[in-house]
Undergrad: 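Here's a structure for you.
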Amino acid sequence: KRFLQMLLPKSGGKQEGSPDTGASRAFSKKTLTWRLVGDAYSSQLSGDEQRYIFRLAFRMWSEVTPLDFREDLTAPGTMVDIKLGFGRGRHLGCPRVFDGSGQEFAHAWHLGEIHFDDDEHFTPLSSDTGISLLKVAVHEIGHVLGLPHTYRVGSIMQPNYIPQEPAFELDWSDRKAIQRLYGSCEGSFDIVFDWIRKERNQYGEVRVRFNTYFFRNSWYWLYENRNNRTRYGDPLQILTGWRGIPMQRIDAFVHVWSWGKDERYFFKGNQYWRYDSENDQAHTEDEQGRSYPKLISEGFPGIPSPLDTAFYERRQQLIYFFKESLVYAFDVNRNQVLPSYPKKMSQVFPAIMPQNHPFRNLDSAYYSYTHNAIFFFKGNSFWKVVSDKDKQQNSRLPLNGLFPKQSISEKWFDVCDVHTSTLNM
Amino acid sequence: ERLFHSRDRSDLEPSPLSRAKPIADLHAAQNFLLKYGWSKVSSPKESAGVPVGFTLAQAVRRFQKANRLPASGKLDSPTLAAMNKPRCGVPDTRLPLRDALPTPPAQPTPLGLQPRARQ
């Protein structure tokens, strides 16, 4: 069945790969299964350790591609997409014979087979001797996915084994190489926000730093703006990183930050939570002893629920709440909606290019300290809001206008899902 | 047993019988270059008039360039050392069109040398 599948034409709409580079996409489906073959475990590491390492190796590719990988221990062998095994000399019915300790340590085959030479000294994650099984596995999985060897320094696809440095990860070029075959990661987000941290340096001076977070379903990523990628090892579960707030599908985040105020709120359904940044968890009650979560209608009178999204405008000290096609401007000092609101989103934030507008049901509104701009997210696209600087450069731009939409994945890179079974790694 | 002394067996010594044969001579080097796609088995017709050493030197030079070694075309010590390094078994490269020759029919196709098109 796998052989026949291989002969079928691939699904259209995506680049198949370049014959000049030798790269070609091997799979046309999104979730691939794998298995360490039962009679082909290594004699050097425990079975659990081997499977953990392979699970991590697959996850590393999943973190940078729209593919995800699931270990399958039950399906018939012919239905498993990628099979891995260890052997020595003549092994596993393979036509290529391993050469013993040294030189060739593994190889990968069309139809998703990866063989490791068990005469090599494969070592687990914690060891700095021998040959890292993780690194070899990531390399061979790269072949199975369709990448050839390259001699580019820093690439995981170099043919020779290079003892790994402390941080072994897929670099920018490897990511782009695999994304040329399988595309970039797309998808809508529940909330996107910058989280402000106040720290003291060695002189006791308060420094303000920020981190960018993307939330989707029950997981989240920290985005490293200076590196144009997510943090290595993300996504993580909201449950483990953000204590006390809803575990999934959060509607909105707002940081009310002005003189005398530093309040962070998460919204879901008809409720909201206030987050205690000092203790890194949600407040359980307010200063008056009233417990969280609270009703949005009580804390923010005049604001409907559930919400699509919200953001805080610091200069005007207004929270803009969005629901369907309407926007509500909420004065945090008077604790009420401005008299002329709600208004149509398209009226408050007009399109610069006609009809190029989200119109309704935003996913997230995000003020970015990196770009000093507000972005509206919907689906795979974002619209940038005209800033003061934009207006200085072009006075004809409408106040709070929306620039034409662009693709999220072309501005924030590699925000990729992984299989839910690997979220806890 | 295979000998080791450390608790974590990180000093496990491979038995002499299980060690890969070092690439130390011309024949082994030729096999290496053939195995990993740096050279091809050429038919007598295609290589008529071309000295065997010439095609070998070409292949060695290509290998040396890729490995950032002086491209002498000779099997010197650094070149042999590079050939003996731990490596993946998938071939490295496709030869340019003029050098491309059909693979022996008995050999299955590893991932580095895929056929160009499928019916």
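None of the values given here were measured: they were computed from a predicted structure. A note on names: the letters A, B, ... follow the listed sequences, proteins ahead of strands, and every chain is numbered from 1.
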Undergrad: If you compare all heavy atoms of Y36(B) against all heavy atoms of R96(A), which two are closest, and at what distance to 0.1 Å?
TA: CE2-NH2, 3.7 Å
Undergrad: What are the two closest non-hydrogen atoms of M83(B) and Q103(A), and how far apart are they?
TA: O-CG, 4.4 Å
Undergrad: Using non-hydrogen atoms and a 4.5 Å limit, figure out which bit of L147(A) sits close to chain B: side chain, backbone, both or neither.
TA: neither
Undergrad: Take atom NZ in K74(B); do more than 12 heavy atoms of anything else shown fall under 6.0 Å from it?
TA: no
Undergrad: Under a 4.5 Å cut-off applied to non-hydrogen side-chain atoms, are P86(B) and N160(A) in contact?
TA: no
Undergrad: Keeping the roles fixed (side chain from R19(B), backbone from G102(A)), state whether a donor-acceptor pair exists under 3.5 Å.
TA: no
Undergrad: What heavy-atom pair brings V90(B) and H149(A) nearest, and what distance separates the two atoms?
TA: O-CE1, 2.8 Å
Undergrad: Could you grab the distance from atom CD1 of I162(A) to atom CZ of R87(B), nearest 0.5 Å is fine?
TA: 12.0 Å
Undergrad: Verify the neighbour count for atom CZ of R152(A): are there more than 12 heavy atoms of other residues, nucleotides or ligands below 6.0 Å?
TA: yes
Undergrad: Looking at K21(B), I want to see if its NZ is surrounded by more than 12 non-hydrogen atoms of other residues, nucleotides or ligands under 6.0 Å.
TA: no
Undergrad: Using the side-chain contact (heavy atoms from CB on, under 4.5 Å) rule, pick out the option among Q158(A), E104(A), H143(A) that qualifies with C88(B).
TA: H143(A)
